Amino acid sequence: MKSTPQSLNELLQRAEAMAGLNLGELARLNQIPVPQDLKRDKGWVGQLIEIELGADAGSKAQQDFLHLGVELKTIPINRYGKPLETTFVTTTPLINVKSLNFYDSLVFHKLQQVLWVPVEGERDIPIADRRVGTPFLWQPDPMELSLLRQDWEEIMEMIAMGKVENITARHGEVLQLRPKAANSKALTESITENGTIKLTNPRGFYLKTQFTSQVLAKVFAG
DNA sequence: GACTGATCATTA
DNA sequence: TAATGATCAGTC
(Lines give C-alpha, C1' and ligand atoms only; values in the text may rest on other atoms or scores of the structure.)
Protein backbone atom coordinates (compact mmCIF):
# COMPACT_ATOMS: atom_id res chain seq x y z
CA MET A 1 0.00 0.00 0.00
CA LYS A 2 1.36 3.38 -0.96
CA SER A 3 1.63 6.21 1.51
CA THR A 4 -0.74 9.12 1.16
CA PRO A 5 0.81 12.09 -0.64
CA GLN A 6 1.83 14.86 1.73
CA SER A 7 1.40 17.74 -0.65
CA LEU A 8 -0.55 18.74 -3.70
CA ASN A 9 2.67 18.66 -5.70
CA GLU A 10 3.42 15.13 -4.63
CA LEU A 11 -0.10 14.05 -5.59
CA LEU A 12 0.13 15.72 -8.99
CA GLN A 13 3.53 14.20 -9.66
CA ARG A 14 2.23 10.72 -8.91
CA ALA A 15 -0.77 11.38 -11.12
CA GLU A 16 1.33 12.60 -14.01
CA ALA A 17 3.55 9.55 -13.70
CA MET A 18 0.52 7.36 -14.53
CA ALA A 19 -0.18 9.06 -17.85
CA GLY A 20 0.33 6.74 -20.78
CA LEU A 21 0.49 3.58 -18.70
CA ASN A 22 -2.23 1.00 -19.22
CA LEU A 23 -4.36 -0.55 -16.51
CA GLY A 24 -2.58 -3.90 -16.78
CA GLU A 25 0.74 -2.29 -15.93
CA LEU A 26 -0.81 -0.33 -13.09
CA ALA A 27 -2.48 -3.45 -11.71
CA ARG A 28 0.77 -5.42 -11.87
CA LEU A 29 2.65 -2.68 -10.01
CA ASN A 30 0.09 -2.91 -7.24
CA GLN A 31 -0.29 -6.70 -7.40
CA ILE A 32 -3.97 -6.58 -8.22
CA PRO A 33 -5.75 -9.01 -10.58
CA VAL A 34 -7.41 -7.55 -13.69
CA PRO A 35 -11.07 -8.54 -14.26
CA GLN A 36 -12.24 -9.75 -17.70
CA ASP A 37 -14.88 -7.04 -17.83
CA LEU A 38 -16.38 -4.51 -15.45
CA LYS A 39 -19.86 -6.04 -15.24
CA ARG A 40 -19.23 -7.23 -11.72
CA ASP A 41 -16.40 -4.81 -10.96
CA LYS A 42 -17.86 -1.45 -11.82
CA GLY A 43 -15.65 0.42 -9.41
CA TRP A 44 -12.44 -1.43 -10.26
CA VAL A 45 -10.76 1.30 -12.30
CA GLY A 46 -11.50 3.95 -9.69
CA GLN A 47 -10.14 1.78 -6.91
CA LEU A 48 -6.99 0.93 -8.84
CA ILE A 49 -6.25 4.62 -9.36
CA GLU A 50 -6.95 5.32 -5.69
CA ILE A 51 -4.42 2.72 -4.67
CA GLU A 52 -1.81 3.96 -7.10
CA LEU A 53 -2.19 7.52 -5.85
CA GLY A 54 -2.30 6.55 -2.19
CA ALA A 55 -5.85 7.65 -1.36
CA ASP A 56 -6.95 6.26 1.96
CA ALA A 57 -9.68 3.72 1.25
CA GLY A 58 -12.96 3.76 3.06
CA SER A 59 -16.51 4.91 2.63
CA LYS A 60 -16.37 8.37 4.09
CA ALA A 61 -18.56 11.14 2.74
CA GLN A 62 -15.46 13.25 2.31
CA GLN A 63 -12.93 14.17 -0.30
CA ASP A 64 -10.41 11.47 -1.15
CA PHE A 65 -7.50 13.63 -0.10
CA LEU A 66 -9.10 15.58 2.70
CA HIS A 67 -5.85 17.16 3.88
CA LEU A 68 -5.26 18.46 0.36
CA GLY A 69 -8.85 19.40 -0.37
CA VAL A 70 -8.91 17.20 -3.45
CA GLU A 71 -11.57 14.81 -4.74
CA LEU A 72 -10.43 12.08 -7.12
CA LYS A 73 -12.55 11.09 -10.12
CA THR A 74 -11.71 8.68 -12.90
CA ILE A 75 -13.66 9.31 -16.08
CA PRO A 76 -14.07 6.83 -18.92
CA ILE A 77 -13.45 8.43 -22.32
CA ASN A 78 -13.72 7.35 -25.95
CA ARG A 79 -11.02 7.68 -28.62
CA TYR A 80 -11.90 11.33 -29.10
CA GLY A 81 -11.52 12.16 -25.44
CA LYS A 82 -15.25 12.41 -24.82
CA PRO A 83 -16.78 11.02 -21.62
CA LEU A 84 -18.65 7.73 -22.01
CA GLU A 85 -20.55 8.01 -18.76
CA THR A 86 -22.04 10.52 -16.37
CA THR A 87 -19.98 11.15 -13.25
CA PHE A 88 -21.34 10.29 -9.83
CA VAL A 89 -20.85 13.11 -7.32
CA THR A 90 -22.57 12.25 -4.07
CA THR A 91 -25.60 10.65 -2.51
CA THR A 92 -28.51 12.94 -1.67
CA PRO A 93 -30.18 13.52 1.64
CA LEU A 94 -33.96 13.23 1.10
CA ILE A 95 -34.89 14.12 4.66
CA ASN A 96 -33.76 16.75 7.14
CA VAL A 97 -33.02 19.07 4.28
CA LYS A 98 -31.66 21.74 6.56
CA SER A 99 -30.21 24.34 4.31
CA LEU A 100 -30.81 25.15 0.69
CA ASN A 101 -27.49 26.95 0.57
CA PHE A 102 -25.43 25.49 -2.25
CA TYR A 103 -22.17 26.49 -0.61
CA ASP A 104 -23.02 24.31 2.40
CA SER A 105 -23.80 21.33 0.20
CA LEU A 106 -21.89 18.12 -0.26
CA VAL A 107 -22.03 18.71 -4.00
CA PHE A 108 -20.15 21.98 -3.67
CA HIS A 109 -17.59 20.61 -1.25
CA LYS A 110 -16.79 17.62 -3.45
CA LEU A 111 -16.52 19.65 -6.64
CA GLN A 112 -14.44 22.50 -5.26
CA GLN A 113 -11.29 20.82 -6.42
CA VAL A 114 -11.23 17.61 -8.45
CA LEU A 115 -8.31 15.59 -9.76
CA TRP A 116 -9.73 14.16 -13.00
CA VAL A 117 -8.07 11.02 -14.32
CA PRO A 118 -9.27 10.18 -17.85
CA VAL A 119 -9.06 6.48 -18.72
CA GLU A 120 -9.86 4.80 -22.03
CA GLY A 121 -13.21 3.12 -21.56
CA GLU A 122 -14.44 1.74 -24.87
CA ARG A 123 -15.67 -1.78 -24.41
CA ASP A 124 -13.75 -3.23 -27.32
CA ILE A 125 -10.47 -2.41 -25.57
CA PRO A 126 -9.50 -5.16 -23.10
CA ILE A 127 -9.36 -3.79 -19.56
CA ALA A 128 -5.62 -4.39 -19.19
CA ASP A 129 -4.90 -2.50 -22.43
CA ARG A 130 -6.84 0.64 -21.54
CA ARG A 131 -4.51 3.58 -21.11
CA VAL A 132 -4.56 6.31 -18.52
CA GLY A 133 -4.71 9.81 -19.97
CA THR A 134 -3.25 13.01 -18.59
CA PRO A 135 -4.68 13.75 -15.14
CA PHE A 136 -5.49 17.36 -14.34
CA LEU A 137 -6.65 19.40 -11.39
CA TRP A 138 -9.93 21.27 -11.89
CA GLN A 139 -11.76 23.99 -10.03
CA PRO A 140 -15.13 25.08 -11.43
CA ASP A 141 -15.02 28.58 -12.89
CA PRO A 142 -17.74 31.11 -11.97
CA MET A 143 -19.89 30.12 -14.93
CA GLU A 144 -19.69 26.41 -14.16
CA LEU A 145 -20.35 27.08 -10.50
CA SER A 146 -23.43 29.10 -11.36
CA LEU A 147 -24.83 26.30 -13.54
CA LEU A 148 -24.19 23.76 -10.80
CA ARG A 149 -25.80 25.98 -8.21
CA GLN A 150 -28.94 26.56 -10.27
CA ASP A 151 -29.47 22.87 -10.88
CA TRP A 152 -28.73 21.95 -7.30
CA GLU A 153 -31.16 24.55 -5.95
CA GLU A 154 -33.94 23.47 -8.28
CA ILE A 155 -33.56 19.82 -7.39
CA MET A 156 -33.16 20.34 -3.65
CA GLU A 157 -36.21 22.55 -3.56
CA MET A 158 -38.29 19.80 -5.12
CA ILE A 159 -36.94 17.35 -2.55
CA ALA A 160 -37.82 19.71 0.30
CA MET A 161 -41.32 20.10 -1.13
CA GLY A 162 -41.84 16.36 -1.10
CA LYS A 163 -41.60 15.97 -4.85
CA VAL A 164 -38.65 13.59 -5.09
CA GLU A 165 -40.59 11.19 -7.24
CA ASN A 166 -41.39 13.90 -9.76
CA ILE A 167 -37.71 14.53 -10.38
CA THR A 168 -36.33 12.82 -13.46
CA ALA A 169 -32.82 12.77 -14.87
CA ARG A 170 -33.98 15.50 -17.27
CA HIS A 171 -34.11 18.13 -14.57
CA GLY A 172 -30.96 20.20 -14.50
CA GLU A 173 -28.64 21.35 -17.26
CA VAL A 174 -25.40 19.98 -15.90
CA LEU A 175 -26.37 18.14 -12.74
CA GLN A 176 -28.97 15.41 -12.59
CA LEU A 177 -30.62 13.33 -9.87
CA ARG A 178 -30.84 9.59 -10.54
CA PRO A 179 -31.22 6.39 -8.56
CA LYS A 180 -28.14 5.40 -6.60
CA ALA A 181 -28.71 2.13 -4.82
CA ALA A 182 -28.06 -1.58 -4.78
CA ASN A 183 -31.24 -1.98 -6.84
CA SER A 184 -34.70 -0.51 -7.35
CA LYS A 185 -35.98 -2.22 -4.19
CA ALA A 186 -33.62 -0.38 -1.86
CA LEU A 187 -35.44 2.15 0.28
CA THR A 188 -34.58 5.25 2.25
CA GLU A 189 -36.68 7.88 3.98
CA SER A 190 -37.86 10.98 2.15
CA ILE A 191 -40.24 13.87 2.73
CA THR A 192 -43.86 13.83 1.52
CA GLU A 193 -45.80 16.85 0.30
CA ASN A 194 -47.44 17.27 3.70
CA GLY A 195 -44.16 17.04 5.52
CA THR A 196 -44.36 13.49 6.81
CA ILE A 197 -42.03 10.64 5.93
CA LYS A 198 -42.25 8.01 3.24
CA LEU A 199 -39.88 5.48 1.69
CA THR A 200 -38.29 5.91 -1.73
CA ASN A 201 -35.40 4.63 -3.78
CA PRO A 202 -32.16 6.43 -2.79
CA ARG A 203 -30.89 9.04 -5.25
CA GLY A 204 -27.56 10.58 -6.09
CA PHE A 205 -26.24 13.59 -7.99
CA TYR A 206 -24.45 12.98 -11.28
CA LEU A 207 -22.63 15.32 -13.65
CA LYS A 208 -23.99 15.04 -17.19
CA THR A 209 -21.56 14.05 -19.93
CA GLN A 210 -22.12 17.33 -21.78
CA PHE A 211 -20.73 19.16 -18.78
CA THR A 212 -17.71 16.94 -18.15
CA SER A 213 -17.08 16.90 -21.89
CA GLN A 214 -16.63 20.67 -21.82
CA VAL A 215 -14.41 20.49 -18.77
CA LEU A 216 -12.16 18.05 -20.61
CA ALA A 217 -12.26 20.01 -23.86
CA LYS A 218 -11.19 23.21 -22.13
CA VAL A 219 -8.14 21.57 -20.63
CA PHE A 220 -7.00 19.68 -23.70
CA ALA A 221 -7.83 22.34 -26.25
CA GLY A 222 -4.90 23.55 -28.29
C1' DG B 1 -24.96 8.04 -29.85
C1' DA B 2 -27.04 10.11 -25.89
C1' DC B 3 -29.88 9.46 -22.14
C1' DT B 4 -31.98 7.31 -18.15
C1' DG B 5 -33.23 3.98 -14.95
C1' DA B 6 -31.12 -0.18 -12.92
C1' DT B 7 -27.46 -2.53 -11.04
C1' DC B 8 -22.72 -4.60 -8.90
C1' DA B 9 -18.81 -5.04 -5.18
C1' DT B 10 -17.15 -3.77 -0.84
C1' DT B 11 -16.90 -1.77 3.71
C1' DA B 12 -18.68 -0.43 8.19
C1' DT C 1 -28.76 0.66 5.28
C1' DA C 2 -25.64 3.86 3.48
C1' DA C 3 -21.40 5.27 2.08
C1' DT C 4 -17.49 4.49 -1.28
C1' DG C 5 -16.07 3.22 -6.28
C1' DA C 6 -18.91 3.47 -10.75
C1' DT C 7 -20.82 0.91 -15.42
C1' DC C 8 -24.58 -1.68 -17.60
C1' DA C 9 -28.11 -1.98 -20.88
C1' DG C 10 -32.52 -0.82 -22.88
C1' DT C 11 -34.83 2.99 -25.17
C1' DC C 12 -35.27 7.18 -27.16
Side-chain angles (χ1 to χ4, degrees), chain A residues 1 4 23 26-27 30 32-66 70-96 105-107 109-111 114-127 130 132 135 151 155 164-190 197-214 216-217:
Chain A
M1 185 66 86
T4 180
L23 299 183
L26 231 39
N30 291 284
I32 292 169
V34 181
Q36 278 302 303
D37 58 52
L38 299 180
K39 280 181 190 169
R40 309 199 73 85
D41 294 273
K42 296 186 178 183
W44 185 83
V45 176
Q47 282 158 0
L48 175 64
I49 301 296
E50 278 188 350
I51 291 167
E52 175 64 20
L53 293 180
D56 15 312
S59 57
K60 298 184 288 290
Q62 281 297 342
Q63 288 155 316
D64 296 286
F65 300 95
L66 187 59
V70 172
E71 170 75 9
L72 176 66
K73 290 286 175 206
T74 60
I75 184 164
I77 55 170
N78 67 13
R79 72 193 70 181
Y80 308 112
K82 292 263 207 173
L84 290 164
E85 293 288 346
T86 54
T87 303
F88 174 69
V89 180
T90 180
T91 47
T92 324
L94 299 177
I95 202 174
N96 295 334
S105 73
L106 220 41
V107 171
H109 281 289
K110 289 232 176 176
L111 295 183
V114 177
L115 178 62
W116 292 101
V117 181
V119 177
E120 288 179 328
E122 287 179 330
R123 291 192 206 174
D124 55 9
I125 308 175
I127 309 278
R130 297 184 186 177
V132 177
D151 286 349
I155 291 167
V164 194
E165 281 158 7
N166 298 340
I167 304 173
T168 74
R170 290 172 214 85
H171 285 86
E173 294 290 316
V174 298
L175 202 60
Q176 60 182 187
L177 195 73
R178 303 216 314 272
K180 168 63 176 173
N183 54 55
S184 58
K185 282 129 197 147
L187 294 174
T188 190
E189 293 184 329
S190 70
I197 302 226
K198 64 180 168 184
L199 294 174
T200 50
N201 191 229
R203 317 295 165 106
F205 282 107
Y206 296 77
L207 296 175
K208 294 189 163 194
T209 51
Q210 273 197 12
F211 181 75
T212 49
S213 178
Q214 285 180 26
L216 292 173

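Just so we're on the same page: letters track the sequence lines, and every chain starts at 1. The figures that follow rest on heavy atoms only: side chains count, while hydrogens, waters and symmetry mates do not. The shown structure was predicted, so the numbers you read here are calculated from the model rather than taken from an experiment.
Atom CG in A:L23 sits roughly 11 Å away from atom P in C:dT7 (whole-Å rounding). For the pair A:K185 NZ and C:dT1 P, the interatomic distance rounds to 13 Å; values are reported in whole Å. Atom-to-atom, CD1 of A:I51 to C1' of C:dG5 comes out at 11 Å; the value is rounded to the nearest Å. We find that CG of A:N96 is positioned 15 Å from C1' of C:dA2, with the value rounded to whole Å. At whole-Å resolution of the value, NZ in A:K208 and C1' in B:dG1 are 15 Å apart. Going from atom CG of A:L187 over to atom P of B:dA6 covers 13 Å, rounded to whole Å. Between the CD atom of A:E165 and the P atom of B:dG5 there is a distance of 13 Å, rounded to whole Å. Rounded to whole angstrom, the span from the CD atom of A:Q62 across to the P atom of B:dT11 amounts to 21 Å.
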- Task: Show your reasoning for whether side chain to side chain donor-acceptor pair (under 3.5 Å) applies to A:T87 and A:T212.
- Result: CA-CA 8 Å; A:T87 303; A:T212 49; 4.6 Å; no
Identify all side-chain donor-acceptor contacts of residues 79-86 of chain A below 3.5 Å with residues at least two apart in sequence or on another chain.
from  : atom 1 : to     : atom 2 : distance (Å)
A:R79 : NE     : A:E122 : OE2    : 3.4
A:T86 : OG1    : A:R178 : NH1    : 3.1

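Using a 4.0 Å heavy-atom criterion, one finds that A:R203 contacts no nucleic acid atom at all. Here A:N201 lies out of heavy-atom contact (under 4.0 Å) with every strand. Within the 4.0 angstrom heavy-atom criterion, no nucleotide atom of any strand lies near A:E189.
Residues from residues 73-91 of chain A lying near DNA chain B, meaning a heavy-atom separation below 4.0 Å, are A:T86 in numerical order. Sorted by residue number, the members of residues 35-46 of chain A with any non-hydrogen atom under 4.0 Å from DNA chain C read A:L38, A:K39, A:K42, A:G43, A:G46. Using a 4.0 Å cut-off on heavy atoms, the residues of residues 166-183 of chain A that approach DNA chain C are A:R178, A:K180, listed by number.
Between A:R123 and A:D64, the residue anchored closer to the 5' end of DNA chain C is A:D64, taking for each the nucleotide with the nearest heavy atom. Taking the nucleotide of DNA chain B with the nearest heavy atom to each of A:Q47 and A:Q210, the more 5' of the two is matched to A:Q210. Nearest-nucleotide positions on DNA chain C place A:L106 closer to the 5' end than the other of A:G121 and A:L106.
With sequence neighbours excluded, no residue forms a side chain to side chain donor-acceptor pair (under 3.5 Å) with A:N78. Checked against side chain to side chain donor-acceptor pair (under 3.5 Å), A:K110 has no partners two or more places apart in sequence or in another chain.
One finds the CD1 atom of A:I127 at 11.5 Å from the CD atom of A:E120 (value rounded to the nearest 0.5 Å). The CD1 atom of A:I49 sits 5.0 Å away from atom CG of A:L26, with the distance rounded to the nearest 0.5 Å. Atom CD in A:E189 sits 4.5 Å away from atom CD1 in A:I197 (nearest 0.5 Å). To the nearest 0.5 Å, atoms CG (A:N183) and CG (A:N201) are separated by 8.0 Å.
Side-chain contact between A:F205 and A:L106 is absent, with no heavy-atom pair separated by less than 4.5 Å.
At distances below 3.5 Å, not a single donor-acceptor pair connects side-chain atoms of A:D64 with backbone N or O atoms of A:A55. The main-chain N or O of A:T91 is never found under 3.5 Å from a side-chain atom of A:R203 such that the two would form a donor-acceptor pair. A donor-acceptor pair under 3.5 Å links the side-chain atoms of A:K208 to the main chain of A:G172, judged by distance alone.
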